[in-house]
Each structure stands twice: as structure tokens, then as C-alpha cells.
Amino acid sequence: MKKRPNVTVSSFGFNSIKVSWEAEEIVEKGHLNVCYNFSFGFSDKPLKKLQWIKMTNENDHKIKLHMHPQVVGSVSNGLCDSNLRIKFQSKPAKFIYTAPPVYITNVSCILFRITSLNCSWDFRTNAPQDTNYSFALRLNLKWVFCTHYLKRHKKNVGCYMEDVFWEYSDGGYPDKITIGFFSDSNNFSKTFQPEAVEILTPPRNIQVLSKNGDIIIQWYPPLSIAITRSEDEMTSTYDYGKERTFKYEIHVVENKSKHIFRRINNTLKHEQIFTDLTKDKQYYIQIRARHTHQSTKMWGEWSTPVFINKDKNVFPEWILIVIVPAFFATLAFYFCKRYMKKLLATQIPYPSRNIKLFLHMNGSNDIGAQATIGTQIEQSVPLSDIEIVRTTGD
């Protein structure tokens with residue numbers, strides 16, 4: 001009844017193709033209208049099937065290739081009711097388009113500090129030795145090329161772009177991030193949702209409140225590229241009625257032991273009440289955030305510690321570590337000095353006359369001792385008391 005449409009595939013703009021077809025004229029039947037069933041997919045991913053498309057004057061469809069090596073699809077014409085449900089259709093006309101080879105893989109990007117972007121990629125093993133790519137970011141309908149590359153073996157394998165989104169001039173931030181790769185053989189692009197690649201800054205204005213003995217922690221959401229900035233400065237126009245934009249992780253740490261007292265994961269609120277914190281202990285709290293977007297896997301940065309019960313008079317541990325040992329050391333030094341002085345002041349008694357005579361007669365090698373002893377002998381022993389004996393040979 002119906003013939004297959006004639007399908008043609010042609011390049012269209014940057015990294016895109018256009019699929020167009022001509023169909024046999026079909027006479028509308030009653031309440032049925034002419035429509036087309038167009039479906040396509042990439043050879044390295046599951047088939048993506050589109051809805052029935054009511055016939056218009058333009059019988060074509062544009063496809064962004066991104067980094068996919070091949071596109072496969074089909075087109076059939078038919079008759080649909082008012083709800084675009086097919087009633088009659090022709091056999092599908094299939095098409096295949098093979099893109100120029102792409103020699104890089106594992107492309108990943110991180111958006112941080114709201115305005116800066118860091119991307120990296122690897123080269124495939126079959127890449128020619130002289131293959132290299134230039135990197136660019138799409139801003140304000142133009143390409144901004146990288147000026148700070150990370151290189152490996154003289155090839156570009158990464159790019160760092162600082163404060164690049166300050167260049168955005170429409171008073172807000174983009175709802176998607178498009179990066180491009182350029183070489184002599186081919187060009188292609190890749191698109192990210194900002195929420196999927198952003199590392200959030202810490203939550204802001206964390207406050208500690210006390211009410212009826214309970215501790216209440218409140219904070220403002222972090223600044224984010226997904227939140228429109230004000231015209232005069234980088235302040236959030238966050239609508240607190242949409243607090244589920246972010247998830248939060250909270251750590252309550254006991255300051256003395258540094259042990260995590262409480263860990264709260266994936267809360268959607270921007271307030272937390274604690275009823276069981278010990279009043280005579282010090283704690284500190286840290287909070288980080290992430291997007292609730294389903295493709296988001298990265299947590300943001302931790303906030304600086306905010307202390308709880310900071311003004312409590314807790315006996316400082318350093319006194320026990322420093323003062324007490326110093327006290328005992330001073331006490332020991334005092335007693336040592338006192339008894340050493342007494343010991344040094346005690347006079348050594350003179351040896352008896354017999355000991356002096358014995359040392360003198362045995363010829364001590366200590367000349368100083370002999371002189372001293374001799375002097376003492378001369379002073380204390382008169383010559384008349386010593387019997388001199390001469391020995392003569394027989």
C-alpha cells in the first residue's frame with residue numbers, strides 16, 4: 001500500500017548530520033493524517049526511538065553526533081489519528097552513517113568555584129602518532145579556546161579554564177555546558193548538564209542557635225552555576241521554597257576526641273535540630289552539599305568547622321600535659337640543688353699519720369700527692385721521732 005521513503009544523510013553544521021526523506025504522496029483518509037515514524041540510535045548505545053512525527057513541510061531531522069562513531073536508524077511513512085497513533089505505515093527505510101574516527105575517550109569535566117572548568121581526556125590506542133586536539137568551551141554562541149593545557153607525550157590531554165564563566169554576558173549561567181575538540185581531520189562536541197559535573201562550594205552562613213535546651217543548626221544553600229546570579233554581585237537568588245535542589249551531609253564531631261558523634265546523610269532540609277548533645281562538651285559541625293540531579297555523583301567542599309558550646313569552661317587538657325610535669329621538674333631541681341650544695345660544702349678529713357707514712361714509704365707515683373704528703377709530714381712529724389736504719393752489706 002505504501003512505499004518506503006527515500007532517505008538521504010548529509011553533514012550539517014558542526015558535528016551534526018541531517019536526515020531527510022521524500023515520501024510518496026498519500027491521500028488522507030477521513031480523520032487520519034500523514035505522519036512519519038523516525039527512529040535512530042548510536043552503534044555504541046541502545047537504540048533511541050522517537051515519537052511519531054506529524055508530517056510538515058520539512059521532512060527531515062537533525063542529529064548531533066557528539067563522540068559517537070556511527071548512527072543507525074530508519075524512517076517509515078504512514079497514517080496517524082489525532083493522538084499520533086499509527087494506523088497504517090510503510091516498511092521502514094534504514095540508513096547508516098559512519099562518522100570520521102574519534103581518537104579520544106574518557107572525556108570528563110569538573111566545574112568548581114562556580115566559574116572555573118577542568119577537563120581531561122585520553123587517547124585511544126589506535127590513534128595516529130601525530131594526532132592532537134585543541135579544546136574549546138562554547139560561550140555566548142562562540143568558542144573560547146583553552147590557554148592552559150595539560151600535556152602528556154607532547155599531546156593535549158587536559159585543559160584548565162579559570163573564571164571562564166564570568167564571560168557569560170546574559171546575566172545568568174548556561175543551562176548546559178558544551179565543549180568542543182578540534183583537529184585537522186574532524187571536529188566534535190560533547191554536552192554536560194552543569195549539575196552533573198559541578199563540585200559545590202560549602203553551604204553558607206551556618207548558624208548555631210539554642211532553644212529550650214536543643215541545638216538548632218541553620219544554613220543557606222551554596223552558590224551554584226545552576227542558580228542565577230544577581231546583576232550586581234555573586235549572590236544566590238535561591239528560592240527557599242525549592243530547597244530540594246540540594247542534598248546535604250552533616251558531621252557533628254566531639255572536639256576533644258575528634259570522633260564523629262553524629263553523621264546525617266542526604267537530608268533535603270537546610271535546618272537540623274539536635275536534642276542529645278552534652279552541654280559540658282564542645283562539638284563542631286561541618287556541612288557539604290550536592291545536587292539532587294540524578295546524574296550527580298560528586299559531593300561539594302566541606303564547610304569550615306562551626307563550634308557548639310565553644311564558651312563552656314572546660315578544663316584545658318594542655319595544663320595536665322605541660323604544667324604538671326614542669327612543676328615536678330622544678331621541685332626535683334630544687335631538692336637536687338639543696339643537697340648538692342650541702343654535699344660540696346662538707347670537708348674531707350685528713351688521713352691519719354700512719355696512712356701518710358705508708359704512702360710516703362711506698363713511693364706513690366702521684367708527685368703532687370707526694371709533695372703534699374711530704375709537706376704535711378714535715379709539718380706534723382718531727383725528725384726525732386723517726387728512727388733511721390742503715391743497711392750495710394756483710
| request: Indicate yes or no for a side-chain donor-acceptor contact from Ser116 to the backbone of Asp163 under 3.5 Å, with no hydrogens or angles considered. | output: yes
| task | Could you list all the disulfide (SG to SG under 2.5 Å) pairs where at least one residue sits in residues 86-116, not counting sequence neighbours? | result | Cys109-Cys119
| query | Quick one: does Phe188's side chain get under 4.5 Å of Ser183's, heavy atoms only? | reply | no
| message | Quick check: do Val144 and Met161 have side-chain heavy atoms less than 4.5 Å from each other? | response | yes
| task | Identify the residue among Leu268, Thr267, Ile264 that makes a side chain to side chain contact (heavy atoms under 4.5 Å, CB included) with Tyr248. | result | Thr267
| Contact check, side chains of Pro203 and Phe246, non-hydrogen atoms, under 4.5 Å | no
| Where do Phe261 and Leu277 come nearest, in terms of heavy atoms and distance? | CE2-CD2, 3.3 Å
| query | Quick one: are Glu198 and Met298 in side-chain contact, heavy atoms under 4.5 Å? | reply | no
| message | Using side-chain heavy atoms (C-beta onward) and a distance below 4.5 Å, is Tyr97 in contact with Ser11? | response | yes
| request: Inspect the surroundings of NZ in Lys211 and state if more than 12 heavy atoms from other residues, nucleotides or ligands are less than 6.0 Å away. | output: no
| So which pairs with a foot in residues 123-158 pass disulfide (SG to SG under 2.5 Å), sequence neighbours left out? | Cys146-Cys159
| message | Determine whether the aromatic ring centres of residues Phe181 and Trp121 are separated by less than 6.0 angstrom. | response | yes
| task | List the atom of Leu137, the atom of Thr178, and the distance in Å for their closest heavy-atom pair. | result | CD1-O, 3.4 Å
| message | Applying ring-ring contact (aromatic ring centres under 6.0 Å, His included), can you list everything that pairs with Phe182, at least two apart in sequence or on another chain? | response | Phe14, Trp143, Phe145
| query | Does any N or O in the side chain of Asn309 come within less than 3.5 Å of the main-chain N or O of Thr278, such that one atom is a donor and the other an acceptor? | reply | yes
| query | Under 3.5 Å, side chain of Tyr149 to main-chain N/O of Phe135, donor-acceptor pair present? | reply | yes
| Asn186 side chain to Pro101 main-chain N or O, any donor-acceptor pair under 3.5 Å? | yes
| request: Kindly determine whether Glu301 and Thr201 satisfy side-chain hydrogen bond (donor to acceptor under 3.5 Å, both in side chains), including the steps that lead there. | output: CA-CA 5 Å; Glu301 300 174 1; Thr201 57; over 6 Å; no
| task | Could you grab the distance from atom CG of Leu223 to atom CZ of Arg113, nearest 0.5 Å is fine? | result | 13.5 Å
| message | Tell me the closest heavy-atom pair linking Gln286 and Trp302, and the distance in Å. | response | O-CZ3, 3.5 Å
| said: Can you confirm whether Lys258 is buried at NZ, in the sense that more than 12 heavy atoms of other residues, nucleotides or ligands lie under 6.0 Å from that atom? | reply: yes
| message | Within this structure, what is the OG-CG distance for the pair Ser303 and Asn205, rounded to the nearest 0.5 Å? | response | 11.5 Å
| said: Show the nearest heavy-atom pair for residues Gly300 and Arg288, with the distance to one decimal. | reply: O-CD, 3.7 Å
| said: Do Tyr133 and Asn156 have side chains that approach each other closer than 4.5 Å (heavy atoms only, starting at C-beta)? | reply: no
| field | From Ile287 atom CD1 to Ile250 atom CD1, the distance as rounded to the nearest 0.5 Å | value | 5.0 Å
| task | Please examine the side chains of His61 and Phe40, heavy atoms only from C-beta on, and report whether any two atoms are closer than 4.5 Å. | result | yes
| query | Name the one of Ile308, Ile285, Ile260 that satisfies side chain to side chain contact (heavy atoms under 4.5 Å, CB included) with Val253? | reply | Ile260
| With side chains defined as the heavy atoms from C-beta onward, is the minimum distance between Val252 and Ile217 less than 4.5 Å? | no
| Result of checking Thr296, Ile177, Ile110 against Val197 for side chain to side chain contact (heavy atoms under 4.5 Å, CB included) | Ile177
| request: Only pairs at least two apart or in different chains count here, so list each ring-ring contact (aromatic ring centres under 6.0 Å, His included) that has a residue in residues 193-214. | output: none
| Nearest atoms (heavy-atom pairs only) where Ala127 meets Phe123 | CB-CD2, 4.1 Å
| request: Would you confirm whether Arg4, through its side chain, and Ser90, through its main-chain N or O, come within 3.5 Å as a donor-acceptor pair? | output: no
| request: May I ask you to check whether over 12 heavy atoms, not counting those of Asn265, lie within 6.0 Å of atom CG? | output: yes
| said: Between Thr98 and Gln70, do the side chains contain a donor N or O and an acceptor N or O under 3.5 Å apart? | reply: yes
| field | Pairing residues for Ser74 by the side-chain contact (heavy atoms from CB on, under 4.5 Å) criterion, not counting sequence neighbours | value | Ser39, Pro92, Lys94
| Single-linkage hydrophobic cluster, 4.5 Å side-chain cutoff, Leu150 and Leu111 together | yes
| task | Please answer whether the main-chain N or O of Thr245 pairs with a side-chain N or O of Thr292 as donor and acceptor at a distance below 3.5 Å. | result | yes
| query | What residues form a salt bridge (Lys or Arg N to Asp or Glu O under 4.0 Å) with Glu254, not counting sequence neighbours? | reply | Lys281
